Amino acid sequence: MSAADTGSTEVKTKPLHFIQQIIRKDLEQGLHKKIVTRFPPEPNGYLHIGHAKSICLNFGMADEFGGACNLRFDDTNPEKENEEFVNAIKQDVEWLGFKWDGAVRYTSDYFDQLHAWAIDLINKGLAFVCDLNAEQMREYRGTLVEPGKNSPFRERSVEENLALFEKMRAGEFEEGACSLRAKIDMSSPNINLRDPIIYRIKKAHHHQTGDKWCIYPSYDFAHGQSDAIEGITHSICTLEFEDHKPLYDWFIQNLPVPAIPRQYEFARLNINYSVTSKRKLKQLVDEHHVDGWNDPRMPTISGMRRRGFTPAALREFCERIGVTRSDGIVDVGVLEFCVRDDLDKNAPRAMCVLKPLKVTLTNCPADQVETLTVHNHPNRADLGDRTLPFTQTVFIEQEDFREEANKKYKRLVTGKRVRLRGAYVIEADEAIKDAAGNIIEVRARIIEGTLGKDPADGVKPKGVIHWVSATQNLDCEVRLYNRLFIDEAPDAGGKNFLDCINPDSLEVLQGCKAELSLATASVGNSYQFERQGYFCLDSKYSTTEKPVFNRTISLKDSFGKTEDQE
RNA sequence: AGGGGCGUCGCCAAGUGGUAAGGCAGCGGGUUUUGAUCCCGCCAUUCGUAGGUUCGAGUCCUUCCGCCCCUGCCA
């Protein structure tokens, strides 16, 4: 075969998703010299994994095509928004590794302009003040299959509308008494075009504008125009906004905006075994089913950060799931793979015994302390070495010892051998039990000459287990997390997602024994506790006196999948 | 007088008229002082359905079926 036949020299390039294709084409055709995107969260809650997808998409496109991405808080509803959320959101975006262009923007920065444009619409006879209340408006709106009816206030004169709108602005009407509506088409099959409200009265204090306004623009009236003001070229949002696009374009066409932004929609992220709706996440927090927005079991960015997930893992996940227009439910296994993959490559190894069982090495002097040197990572010499004190008594995992077991069991068994990781091969002689018959200690022997070598007699150990000195260790608490929901689709059907909560999603272990080197662990760093999983210091409960480690994720474990575990 | 979307392997997803990429999961094997990592192999004669156009259709046309979104003074 020739090189041309095999194509062996060709580098596989990652296929472009539809947004990338659109941007590339726009750039090639010179529609824009530079693209500008934006991430537009409403500061009414914490960001979650679904937002991470949007963040990676918007900032990612800007980075990839040499453009810019703004961070703009969509703050048109002061009743539900606050500063706590804007600060948390800024922190989350930065932590994910992205930098917004220029200063943080707020839709409220444009309230004066938006107000002027509303007046412009009135002057053009394209907007009117309507006195219908909420219930009446619903009646006039029609239904999905029936057209709506024109409001009796639809034909007010420009002068009257101007005067009324000014009174609205001046606070002369109560909330709900009236609203400003765009005059489009009450018989449109697209309900968003049936004279949508563009300004409503809300006598609420705004976290950015204080008490300057008592009327606030609707999402539809604010979003596109804000995009135009900022020169956004590609306004990327989720599928449910597709029906709003005609309205988005209508405002852009009827107002003297400085630019023509285009809206594109992609499918929002759904993940099994979890919920990604702000309302439900808020309920979990408010009803204390979890320990706050950053509970390690939450799919929030702050929760995943506290859990030990890394920015790189989250970005890789968003890269792998793709960007399309079809709804789907991504397997949480993909997220878990990304976390393990990143941590395996970068987390230094350490040992920690979760459920200690004392082992006395009878042929080791009681006062002896041997200093062992071990690698911090099996495949990365650059991560260096560390030392471990080896003593007469050590702790091993309770489940790593059995008085008898079949050949599948690769740990310590009475009369058999096992290697203590980075140390010696030992052979168990006897199990000591308490009155109740529980094994409380194992007496074993070191097989001489097995440090870094196999036993001279040729009897190799069955496996390798982790351990920690029983006299020189760090006592700590370890928190094991499992899926928050038992059900694959807690959101689906008529079920209550709260009924799907996993009662065993958190297991708190006390008296865990970690190797001394972990005393210098710091928040933000991850470690692999060998044979156990990846762990990190808990940012909320850990103290110098009492370290608390969170299990970020267990190691992949194929043991017992197809064979008898006994 | 409803409108707008979407259907390619268990899950995600390439494919843009020329003969079904890749990843996750799974399965089998090798290496291993972590039952991890790593490595090798297997895993869609078929693209929701039924017709049609074409030398050729996952890609074009038509039919039907299924799923999602829309009747907030939320975003």
Side-chain angles (χ1 to χ4, degrees), chain A residues 12 14-17 21 40-42 44 74-77 79-81 130 132-134 137-138 141-148 175-181 187-194 196-202 215-216 218-220 222-223 237-246 265 267 272 278 319-338 340-341 344-345 349 351 374-375 377-379 408-411 419-423 425 450 452-454 461 463-466 528-533 554-563:
Chain A
K12 292 250 177 181
K14 203 163 185 294
L16 300 180
H17 60 238
Q21 292 180 30
E42 179 187 12
N44 69 342
D74 212 341
D75 55 350
T76 57
N77 187 352
E79 292 168 344
K80 297 182 177 177
E81 303 153 2
C130 182
L132 252 28
N133 61 35
M137 202 165 300
R138 198 177 312 123
R141 186 157 38 226
T143 70
L144 293 178
V145 294
E146 299 169 288
E175 286 188 16
C178 56
S179 61
L180 182 68
R181 295 223 259 164
S187 66
S188 171
N190 181 340
I191 293 179
N192 295 122
L193 262 21
R194 318 239 264 229
I197 286 177
I198 60 180
Y199 256 99
R200 72 281 214 216
I201 299 169
K202 278 185 186 296
I215 56 172
Y216 293 92
S218 64
Y219 162 84
D220 286 309
H223 207 93
C237 61
T238 43
L239 252 25
E240 67 268 29
F241 290 101
E242 185 156 31
D243 288 342
H244 292 246
K245 181 149 57 182
E265 314 82 20
N272 58 11
K278 269 191 198 171
E319 191 64 40
R320 284 177 180 249
I321 58 176
V323 178
T324 69
R325 290 177 59 86
S326 57
D327 297 306
I329 300 173
V330 176
D331 192 319
V332 68
V334 179
L335 211 208
E336 297 175 341
F337 170 84
C338 292
R340 287 194 180 100
D341 195 46
D344 171 61
K345 290 177 171 60
R349 263 103 251 231
M351 292 195 280
V374 297
H375 297 313
H377 191 111
N379 313 312
K408 300 284 191 186
Y409 191 73
K410 298 166 61 177
R411 314 178 198 180
R419 174 178 292 283
L420 294 183
R421 171 114 244 222
V425 169
T450 53
K453 303 175 187 152
D454 281 333
V464 181
I465 63 174
H466 59 284
Q528 181 195 102
F529 287 181
E530 295 211 45
R531 300 209 309 131
Q532 215 73 229
S554 67
L555 248 33
K556 179 181 176 188
D557 183 11
S558 58
F559 181 53
K561 275 189 175 171
T562 58
E563 58 198 63

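Proteins come first, then strands; the chains are lettered A, B, ... in the order of their sequence lines, and each starts at number 1. Everything quoted here is computed from the prediction, not taken from an experiment.
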Exercise for the section: Please tell me which of the listed nucleotides, B/A21, B/C12, B/G35, lies nearest to the side chain of A/Val330? Expected result: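 That would be B/C12.
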Problem - Out of B/G4, B/A1, B/U34, whichever nucleotide has its closest atom nearest the side chain of A/Arg194 - result: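 Nearest nucleotide to the side chain: B/A1.
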For [X] against [Y], the heavy-atom pair lying closest together:
{"X": "A/Asp344", "Y": "A/Gln528", "answer": "OD1-NE2, 4.4 Å"}
{"X": "A/Thr450", "Y": "A/Arg419", "answer": "O-NH1, 2.8 Å"}
{"X": "A/Glu81", "Y": "A/Asp75", "answer": "OE1-CA, 3.1 Å"}
{"X": "A/Pro40", "Y": "A/Asp74", "answer": "O-CB, 3.8 Å"}

Rounded to the nearest Å, what distance is computed from the [atom1] atom of residue [X] to the [atom2] atom of nucleotide [N]?
{"X": "A/Glu336", "N": "B/C11", "atom1": "CD", "atom2": "C1'", "value": "13 Å"}
{"X": "A/Arg340", "N": "B/G23", "atom1": "CZ", "atom2": "C1'", "value": "16 Å"}
{"X": "A/His17", "N": "B/A13", "atom1": "NE2", "atom2": "P", "value": "12 Å"}
{"X": "A/Ile465", "N": "B/U34", "atom1": "CD1", "atom2": "C1'", "value": "12 Å"}
{"X": "A/Asp327", "N": "B/G4", "atom1": "CG", "atom2": "P", "value": "17 Å"}
{"X": "A/Arg320", "N": "B/C11", "atom1": "CZ", "atom2": "C1'", "value": "14 Å"}
{"X": "A/Phe559", "N": "B/A36", "atom1": "CZ", "atom2": "P", "value": "11 Å"}
{"X": "A/Glu242", "N": "B/C6", "atom1": "CD", "atom2": "P", "value": "7 Å"}

Which part of the nucleic acid, if any, lies within contact of [X], taking any heavy atom under 4.0 Å across all strands shown: a base, the sugar-phosphate backbone alone, or nothing?
{"X": "A/Ile321", "answer": "sugar-phosphate"}
{"X": "A/Arg419", "answer": "base"}
{"X": "A/Arg325", "answer": "sugar-phosphate"}
{"X": "A/Gln532", "answer": "nothing"}
{"X": "A/Gly148", "answer": "nothing"}
{"X": "A/Glu530", "answer": "base"}
{"X": "A/Gly422", "answer": "base"}
{"X": "A/Arg349", "answer": "base"}

Is [N] paired to anything, Watson-Crick or G-U wobble with both distances less than 3.5 Å, and if yes, which nucleotide?
{"N": "B/U46", "result": "none"}
{"N": "B/G51", "result": "B/C61"}
{"N": "B/U37", "result": "none"}
{"N": "B/G72", "result": "none"}
{"N": "B/C6", "result": "B/G66"}

Using the [atom1] atoms only, state how far [M] lies from [N], rounded to an integer number of Å.
{"N": "B/A25", "M": "B/G10", "atom1": "C1'", "value": "8 Å"}
{"N": "B/G48", "M": "B/U63", "atom1": "C1'", "value": "13 Å"}
{"N": "B/G58", "M": "B/G7", "atom1": "C1'", "value": "12 Å"}
{"N": "B/U49", "M": "B/C6", "atom1": "C1'", "value": "16 Å"}
{"N": "B/C60", "M": "B/U53", "atom1": "C1'", "value": "8 Å"}
{"N": "B/G5", "M": "B/G23", "atom1": "P", "value": "34 Å"}
{"N": "B/A20", "M": "B/A44", "atom1": "C1'", "value": "7 Å"}
{"N": "B/U46", "M": "B/C67", "atom1": "C1'", "value": "22 Å"}

Atom pairs under 3.5 Å: protein N/O with N/O of nucleotides 37-40 of chain B:
| unit_1 | atom_1 | unit_2 | atom_2 | d |
| --- | --- | --- | --- | --- |
| B/U37 | O2' | A/Asp344 | OD2 | 2.8 |

Would you say [N] has OP1 or OP2 under 4.0 Å from some side-chain N or O of [X]?
{"X": "A/Gln21", "N": "B/G15", "answer": "yes"}
{"X": "A/Arg531", "N": "B/G35", "answer": "yes"}
{"X": "A/Thr324", "N": "B/A13", "answer": "yes"}

Exercise for the section: Go through the structure and list residues passing ring pair (Phe, Tyr, Trp, His ring centres under 6.0 Å) with A/Phe337, not counting sequence neighbours. Expected result: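 In terms of ring pair (Phe, Tyr, Trp, His ring centres under 6.0 Å), with neighbours along the sequence ignored, A/Phe337 is linked to no residue.
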Exercise for the section: Could you list the residues that satisfy ring pair (Phe, Tyr, Trp, His ring centres under 6.0 Å) with A/His466, not counting sequence neighbours? Expected result: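 By the ring pair (Phe, Tyr, Trp, His ring centres under 6.0 Å) rule, A/His466 matches no residue at all.
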Identify the pairs formed between an N or O of the protein and an N or O of nucleotides 7-9 of chain B at a distance under 3.5 Å, and give each distance.
none

Fill in the blank from the handout: A correct 5'-to-3' footprint of nucleotides 69-75 of chain B, with B, S and - meaning base, sugar-phosphate only and no protein heavy atom under 4.0 Å, is BBBSBSB
Practice task
Decide, yes or no, whether a salt bridge links A/Arg325 with A/Glu242 under the criterion of side-chain N to carboxylate O below 4.0 Å.
Solution key: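 Yes, A/Arg325 and A/Glu242 are salt-bridged.
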Exercise for the section: Look at A/Asp557 together with A/Arg531 and state whether they make a salt bridge at an N to O cut-off of under 4.0 Å. Expected result: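 Result for this pair is no, no salt bridge flagged.
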Heavy-atom check, side chain of [X] versus side chain of [Y], under 4.5 Å:
{"X": "A/Ile197", "Y": "A/Leu180", "result": "no"}
{"X": "A/Asn77", "Y": "A/Asn44", "result": "no"}
{"X": "A/Leu132", "Y": "A/Arg181", "result": "yes"}
{"X": "A/Met137", "Y": "A/Ser179", "result": "yes"}

Exercise for the section: Return the set of residues passing side-chain contact (heavy atoms from CB on, under 4.5 Å) with A/Glu175 (not counting sequence neighbours), or none when no residue passes. Expected result: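 Testing A/Glu175 for side-chain contact (heavy atoms from CB on, under 4.5 Å), a comparison that skips the adjacent residues, returns A/Glu79, A/Ile201, A/Lys203.
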Practice task
Syn or anti for B/G66, please, going by whether the chi angle lies within 90° of 0.
Solution key: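 Because its glycosidic torsion lies more than 90° from 0, B/G66 adopts the anti conformation.
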Practice task
On RNA chain B, check which nucleotide each of A/Val334 and A/Ile329 is closest to and give me the residue with the more 5' one.
Solution key: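 Nearest-nucleotide comparison on RNA chain B picks A/Ile329.
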Exercise for the section: Hey, can you tell me if A/Tyr219 and A/Phe241 have their rings parallel, tilted or perpendicular (30° and 60° cut-offs)? Expected result: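 Rings of A/Tyr219 and A/Phe241: tilted, as their planes differ by 30° to 60°.
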Handout entry: Heavy atoms of other groups near A/Ile329 CD1, more than 12 under 6.0 Å
Key =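 Open: at most 12 neighbouring heavy atoms sit under 6.0 Å from CD1 of A/Ile329.
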